[in-house]
Number of protein chains: 2
Amino acid sequence: MSETKEKIVALAGQLVRKKGFNAFSYKDISDPLEIRNAAVHYHFPAKSDLGTEVIGCELEKFAENVEKWKGLPEDKQIMKLVEVFQKHNKNGMVCLMGSLAPDFETLSAPMQKKLQQMGNEMLDWLAEKLEKGRRKKLLRFEGHAYDRALLIMTNLQSSLLLSRVLGPSVFNRISERVLKDLK
Amino acid sequence: MSETKEKIVALAGQLVRKKGFNAFSYKDISDPLEIRNAAVHYHFPAKSDLGTEVIGCELEKFAENVEKWKGLPEDKQIMKLVEVFQKHNKNGMVCLMGSLAPDFETLSAPMQKKLQQMGNEMLDWLAEKLEKGRRKKLLRFEGHAYDRALLIMTNLQSSLLLSRVLGPSVFNRISERVLKDLK
DNA sequence: AAATATACTTACTTATAGATAAGTAAGTAA
DNA sequence: TTACTTACTTATCTATAAGTAAGTATATTT
């Protein structure tokens with residue numbers, strides 16, 4: 001991938017997380033990168049292509065993290081996930097799912113599919129860590145691991161959304177409570 | 001409020017919840033109501049005015065519900081809240097906060113303020129019901145009631161978002177677990 | 001009966017969106 | 001050296017967005 005193309009994807013990722021997919025335009029990308037609108041279209045003919053790439057990138061990053069965390073005990077791996085969200089919160093960004101899910105109906109089929117893939121992969125990963133962590137007595141919770149994964153994921157996602165509206169401390173209160181509840 | 005004006009607000013509310021604030025236009029309102037674009041501008045000079053009214057309406061509806069539920073025990077009142085979200089889920093809609101929070105930065109100051117007000121009122125109400133319900137031994141949970149309110153609110157909010165992406169059963173799994181965790 | 005307010009319509013403006021066609025400079029490969 | 005690719009630019013298109021000015025029909029008030 002050329003340097004410009006990578007810059008476009010990175011900037012688009014930020015814009016999606018800061019303003020939402022339908023609220024940014026190619027101009028928001030071409031202006032800061034000091035290229036023409038058509039240059040963005042050269043790399044990504046349609047906006048949907050750019051959106052799909054942004055989600056793909058996120059999937060890759062998640063896969064890299066999972067690989068990196070592999071050696072850690074399950075409770076620590078989950079803490080690492082929380083830290084990823086914490087970093088987003090610090091930068092005033094919401095997660096991709098939080099940003100794209102509300103506009104889901106307006107997204108192209110490829111974007112919808114990639115977003116589903118992302119959601120499933122993250123939930124499956126989290127459910128597995130929860131289940132293994134519980135078996136090893138590192139974690140404590142009731143019910144199916146997958147249901148618990150859903151609860152934690154939705155807590156993290158919406159904590160970023162609410163933080164934006166009610167102030168960044170909301171994230172900390174939520175993430176601390178989530179981790180305490182698992183002990 | 002005139003009949004047309006009410007229809008406009010109702011439809012705008014649906015559009016916000018289905019497509020997001022930045023993804024619908026006055027045409028999406030004027031066409032189905034069989035009026036002209038300018039008629040919508042007559043009632044709501046700027047889109048932001050319409051958005052503010054939509055949130056105001058939601059606040060009123062919430063206040064009415066709270067009044068209606070007043071006699072019930074706290075655990076039942078919380079179940080009523082869950083039912084409101086369930087209804088949204090059935091109609092493929094997300095809640096106002098879930099829809100508007102991602103685009104928060106692109107909203108006008110009055111819309112931002114009203115949204116904050118909405119978030120605070122709902123969280124304060126929920127925290128109070130949790131606290132009272134715990135004191136009466138109707139509910140069981142650890143930590144501050146406000147923190148628990150944050151967790152439950154984010155679960156409900158994001159369950160609607162995730163449901164849209166991964167299928168409507170997600171909402172049921174989450175809401176059931178939320179209620180079980182309080183017993 | 002005249003004046004005024006309400007609730008619109010017609011007909012427009014301005015701005016911006018996403019997208020495309022055609023061209024070009026620089027590099028690569030046969 | 002010719003052919004072709006990559007990575008753009010310039011210039012433009014079409015569609016649509018939000019918004020407005022001016023006119024009109026109807027009902028209400030004075």
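We name chains A, B, ... by the order of the sequence lines, and we start the count at 1 in each one.
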Tell me whether the guanidinium CZ or amine NZ of B:Arg134 lies under 6.0 angstrom from the six-membered ring centre of B:Phe141 and within 45° of its axis.
yes
How many Å lie between CD1 on B:Ile8 and P on D:dA18, as a whole number?
13 Å
In whole angstroms, the gap separating C1' of C:dT9 from CG of B:Leu33 amounts to 15 Å
Check whether any side-chain nitrogen or oxygen of A:His43 sits under 4.0 Å from OP1 or OP2 of D:dC8, and answer yes or no.
yes
Taking OP1 and OP2 of C:dA17, is either one under 4.0 Å from a side-chain nitrogen or oxygen of A:Ser25?
yes
To the nearest angstrom, the CD1-P distance between B:Ile29 and D:dA17 comes to 11 Å
Base, sugar-phosphate, or nothing for B:Phe44, non-hydrogen atoms under 4.0 angstrom?
nothing
With side chains defined as the heavy atoms from C-beta onward, is the minimum distance between B:Asn37 and B:Lys27 less than 4.5 Å?
no
What contact category does B:Tyr26 fall into here, base, sugar-phosphate, or nothing, at under 4.0 angstrom with non-hydrogen atoms?
sugar-phosphate
Does the Lys NZ or Arg CZ of B:Lys47 fall within the cation-pi geometry relative to B:Phe24 - under 6.0 Å from the ring centre and within 45° of the axis?
yes
For the pair made of CG in A:Asp31 and P in C:dG18, what is the distance, rounded to whole Å?
12 Å
Does any non-hydrogen side-chain atom of B:Ile152 lie less than 4.5 Å from one of B:Leu182?
yes
Using whole Å, what does the distance between atom P of nucleotide C:dT9 and atom CD of B:Glu34 come to?
11 Å
Assigned partner base of C:dA30, Watson-Crick or wobble definition, under 3.5 Å:
D:dT1
Nearest-Å distance, CD1 (A:Ile35) to P (D:dT10)?
12 Å
So, is A:Thr4 near the phosphate of D:dC8, with a side-chain N or O under 4.0 Å from OP1 or OP2?
yes
Please give, in whole Å, the distance from C:dT16 P to B:Asn22 CG?
15 Å
Is A:Arg36 close enough to D:dT10 that one of its side-chain N or O atoms is under 4.0 Å from OP1 or OP2 there?
yes
Less than 4.0 angstrom between a side-chain N/O of A:Tyr42 and OP1 or OP2 of D:dC8, yes or no?
no
Out of B:Lys70, B:Lys76, B:Lys68, which residue meets the side-chain contact (heavy atoms from CB on, under 4.5 Å) rule with B:Leu72?
B:Lys76
Please determine, for the side chain of A:Ala39, which listed nucleotide (D:dT20, C:dC8, D:dC8) has the closest atom?
D:dC8
Could you tell me if A:Lys5 sits above the aromatic ring of A:Phe44, with its cationic atom closer than 6.0 Å to the ring centre and no more than 45 degrees from the axis?
yes
Whole angstroms only, please: what is the NZ-P distance between A:Lys47 and C:dG18?
5 Å
Give B:Lys5 one of three labels, base, sugar-phosphate or nothing, depending on what nucleic acid heavy atoms sit under 4.0 Å from its own.
nothing
Of the candidates D:dC8, C:dA19, C:dT9, the side chain of A:Ala46 sits closest to C:dA19
The nucleotide from C:dA7, C:dA21, D:dT20 with an atom nearest the side chain of A:Ala38 is C:dA21
So does B:Asn37 reach the base of D:dG19 with its side chain, donor to acceptor, closer than 3.5 Å?
yes
